[in-house]
Amino acid sequence: MRADADFFKTPNFVLNPRDQTNGEHRPAGNDHWMGKVNFVEIRSFWHIFRSFDRMWSFLILSLQAMVIVAWNGGTPGDIFDAGVFKQVLSIFITAAVMKMGQAILDIVLSWKARRSMSLAVKLRYILKLLSGAAWVVILPVTYAYTSDNPTGLNRTIKSWFGDGRNQPSLYILAVVIYLSPNMLAATLFIFPVLRRFLEKSNLKVVALIMWWSQPRLFVGRGMHEGAFSLFKYTMFWVVLLATKLVVSFYVEIRPLVQPTKDIMKVPITTFQWHEFFPHAKNNIGVVIALWAPIILVYFMDTQIWYAIFSTLVGGIYGACRRLGEIRTLGMLRSRFESLPKAFNDHLIPNDSKRRGFRSAFSSKPYKKPEDGKEEDKIAARFAQIWNLIITSFRQEDLIDNREKDLLLVPYCKDREMDMIQWPPFLLASKIPIALDMAADSGGKDRDLKKRMNSDPYFTYAIKECYASFKNVIYAVVVGPRERDVIQKIFKVVDDLVAADTLIKDLHMSNLPTLSKKFIELLVILQKNNKDDLGQVIILFQDMLEVVTRDIMEDQLTELLEPVHGGNNRKHEGITPLDQQEQEQLFTKAVEFEFPVKASDAWKEKIKRLHLLLTVKESAMDVPTNLDARRRISFFANSLFMDMPKAPKVRNMLPFSVLTPYYKEDVLFSSQALEEENEDGVSILFYLQKIYPDEWKNFLERVDCKNEEELRETEQTEDELRLWASYRGQTLTRTVRGMMYYRQALVLQSCLDMAPENDLMEGFRAADILSEESHLLTQSKAVADMKFTYVVSCQSYGIQKRSGDARAQDILRLMTTYPSLRVAYIDEVEETSKEGEASKDRSKKIEKVYYSALVKAAVTKPDDPGQKLDQDIYRIKLPGNAMLGEGKPENQNHAIIFTRGEGLQTIDMNQEHYMEETLKMRNLLQEFTKKHDGVRYPTILGVREHIFTGRVFLRLRGSCQTKRQVL
């Protein structure tokens with residue numbers, strides 16, 4: 001800080017008016033301290049005591065009392081002895097001494113701020129010191145007055161008040177008066193209503209009492225916890241400190257009393273360390289060495305007890321509120337069956353619950369959510385949201401295409417299969433294992449049944465695969481004779497399954513061969529090319545051959561002749577059919593519906609079935625990205641927490657998000673990505689090394705093999721810039737995270753208003769929310785009514801006029817997100833009113849400041865001259881808004897453009913997650929219920945995942961990036 005700066009100092013000179021313009025003849029500032037004007041904290045070791053004075057005082061007084069009790073008997077019951085109790089009362093003298101020490105520390109630690117203190121604050125410090133000094137004198141004197149044989153001054157004082165035999169103890173009276181402020185504070189603590197009343201009262205007597213106890217509060221006046229919260233808090237510390245004192249008394253203090261007495265009884269004949277204790281008559285040094293470590297442990301083990309109690313209480317509290325229900329990916333797998341219902345209970349508005357007096361006596365039965373139709377609706381809604389989350393992971397390159405396919409959930413329950421389909425990552429490798437176990441079973445199904453009973457997903461995979469197999473075969477084969485044969489085959493299998501003799505009666509050793517042929521058929525069905533019809537016919541003939549001759553030879557004896565055209569009869573007793581009916585099956589193209597009319601549901605079914613049959617390795621590590629694992633686990637765990645019910649989007653509280661921006665990076669340019677620092681490392685190279693898996697997923701998403709291919713087209717190069725910007729401290733990253741709010745609200749509004757038939761048919765959001773959809777228009781309108789995002793770009797106007805690339809990047813953000821609004825301070829030069837009224841040619845020009853809000857304008861092809869951004873509001877300011885610090889002023893001028901009943905402030909170094917935006921409706925409901933039954937909350941803090949920006953730690957300096965987590 002410059003010596004002549006006047007921010008913390010008052011200049012002791014006055015400049016002449018003619019010198020104030022150019023700053024000449026200004027003397028250098030001196031070192032005269034004017035006191036702390038702004039908040040400047042001065043730290044010292046005494047702050048350790050002053051900040052925790054109540055805890056230190058309590059520990060010291062408790063130690064004194066325990067030593068007295070242990071010295072005079074050793075049991076807590078000895079305190080009821082009159083002599084011991086009288087000695088224990090001496091702790092109040094110690095308390096008075098420490099209270100005076102606190103008053104002295106207050107003065108010392110605030111001494112440098114004395115010049116900026118008001119007279120009332122100074123008077124309070126002085127009276128506190130005088131009061132402490134007075135009690136240091138009064139309490140020892142009155143304590144001596146209670147002695148039976150006083151001498152000296154004590155005898156004189158006692159003669160003034162009498163002998164005291166038939167009077168209350170003067171010391172007890174002094175202690176009661178001394179403790180009266182503490183009694184008042186305890187009363188106010190026990191009854192928060194009185195404390196709130198006193199803090200809000202303007203009576204002079206009340207103001208005097210509150211002035212003595214604490215400085216006058218203007219922020220947060222009358223805001224205290226409820227009675228039950230205070231009770232829980234008090235009981236926690238009472239039990240903790242009681243346990244600590246009991247253990248300290250029996251383990252630390254009492255065992256040292258008798259050794260101390262024995263050591264003190266030993267006389268000193270030759271004391272060699274006379275320079276330390278020249279006149280010592282006892283072994284005081286040994287006593288100090290004996291007690292010092294115990295005293296140190298006594299003062300320090302409070303933290304240990306706090307850690308133990310907080311762990312126990314926190315564990316019980318978390319178990320009761322179901323915190324940490326799902327902590328790992330393995331726990332997510334085991335509890336995935338309960339996710340749809342938990343999701344529906346917390347994140348889906350429930351209008352089926354009837355409330356009120358009339359509904360309580362209604363004769364109509366209440367439809368429970370466990371009904372079949374209701375379960376289908378729950379699964380359908382969950383599929384929409386879950387797939388939205390997984391899709392966002394893929395867009396953020398946290399997972400690759402294979403992991404995305406393994407994590408996606410079918411959008412609805414297949415009506416033809418009549419079962420719930422779980423994501424493939426839960427069922428991966430189950431079918432190949434089941435095929436191997438069946439092939440090696442040798443007619444014994446004990447191991448397979450044991451595996452099915454221990455792993456429910458093993459059973460789900462087998463049932464779904466068999467049902468999908470039947471569905472695909474029936475969808476492709478349309479010939480009547482062929483379908484009749486297939487129905488007979490499936491009927492035999494179903495009868496064997498019902499009789500629980502499938503493994504015993506069939507030759508399961510050839511089942512992998514059938515699986516291999518069916519996988520080849522699925523590959524052809526995925527391509528769905530009409531030129532592959534010949535291969536489809538051959539595959540069906542091969543599969544029929546495997547089933548009838550190898551697997552079900554004994555059960556399908558009657559079908560062998562017609563199936564294989566009357567040749568090679570194996571059983572003589574079979575009467576062959578007429579020669580006209582002995583044509584071989586699956587030989588004509590008209591018997592197949594190929595290519596299949598491929599809908600999205602059909603493509604999803606084929607891809608899913610192919611995954612179940614081909615994924616042989618376990619998907620326990622899906623997703624492999626650590627950030628994706630953490631986010632999925634946290635979201636799934638939050639569904640089991642206690643949270644307010646979500647209202648419909650149209651009924652939720654509207655809110656806005658405000659982000660201040662100055663001149664930080666908006667979007668990394670190609671030049672900035674390739675520019676090397678002093679170590680020869682570029683930003684892009686460093687990002688590739690930090691996020692190797694995300695870089696690989698990005699290349700797969702844009703269908704490029706290396707960085708050189710990315711540079712070939714402008715579109716892929718822009719994708720590269722975005723990929724790097726999403727991993728840096730840029731405005732693009734923040735805007736993308738906050739705009740997840742709107743995307744989530746659009747889908748949630750769609751689920752609120754979507755017809756039940758469309759929901760049950762398993763529509764995709766992309767299908768029903770097409771640009772021509774009326775539902776999409778309604779959903780967007782409702783989302784825009786409930787959510788507004790304003791980025792306060794302070795210098796956007798200057799950047800736009802100067803041709804700064806950041807202005808173009810901001811405009812690109814507004815174009816990408818049409819609902820994004822940008823507020824900025826526009827500085828323009830206008831002719832003053834005096835100049836306009838004057839007829840003189842030289843008109844007076846002055847700077848005028850406006851607070852403007854703009855949005856992206858839709859550019860039409862036939863209107864090339866249209867602006868790319870257009871003003872929504874423009875408010876004239878009385879002057880420059882930047883008066884103090886930039887960030888608060890930047891927010892203040894833009895806050896008028898925000899809407900709704902809630903405002904969330906987000907810094908430039910923060911982003912958001914798609915899955916967390918889904919819980920915003922629940923979060924806003926916290927403002928609608930009273931806290932502890934006293935008041936509605938006005939400020940609400942949410943959890944943040946904080947990590948150090950590793951890229952900028954080396955390349956652009958240290959920073960912290962925060963991700964908003966609800």
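The basis for the numbers below is simple: all heavy atoms, side chains too, and nothing from hydrogens, waters or symmetry mates.
Within 6.0 Å of the CE atom in M183, the count of heavy atoms belonging to other residues, nucleotides or ligands exceeds 12. At most 12 heavy atoms of other shown residues, nucleotides or ligands fall within 6.0 angstrom of atom OH in Y233. Annotation: F231, atom CZ; neighbour count of heavy atoms from other residues, nucleotides and ligands within 6.0 Å does not exceed 12.
Using a 4.0 Å cut-off between a side-chain N of Lys or Arg and a carboxylate O of Asp or Glu, D301 and K244 qualify as a salt bridge.
Residues W135 and F92 place their aromatic rings such that the two centres sit no closer than 6.0 Å. Between Y306 and W237, the distance from one ring center to the other falls under 6.0 angstrom.
Geometrically, K86 does not engage Y171 in a cation-pi contact defined by less than 6.0 Å to the ring centre and at most 45° from the axis. A cation-pi arrangement is absent between R630 and F635 under the rule of less than 6.0 angstrom and at most 45 degrees off the ring axis.
Remark: side-chain polar atoms of K645 are not paired, donor with acceptor, to backbone N or O of N922 under 3.5 angstrom.
Across every non-hydrogen atom of E916 and F634, the tightest pair is OE2-CD2, 3.4 Å.
Between the NE2 atom of H346 and the OG atom of S638 there is a distance of 9.0 Å, given to the nearest 0.5 Å. Rounding to the nearest 0.5 angstrom, the gap separating the NZ atom in K128 from the NZ atom in K99 is 6.5 Å.
Residues Q102 and D106 have side chains that never bring a donor and an acceptor to within less than 3.5 angstrom of each other. If you check the side chains of W291 and T260, you find a donor sitting under 3.5 Å from an acceptor.
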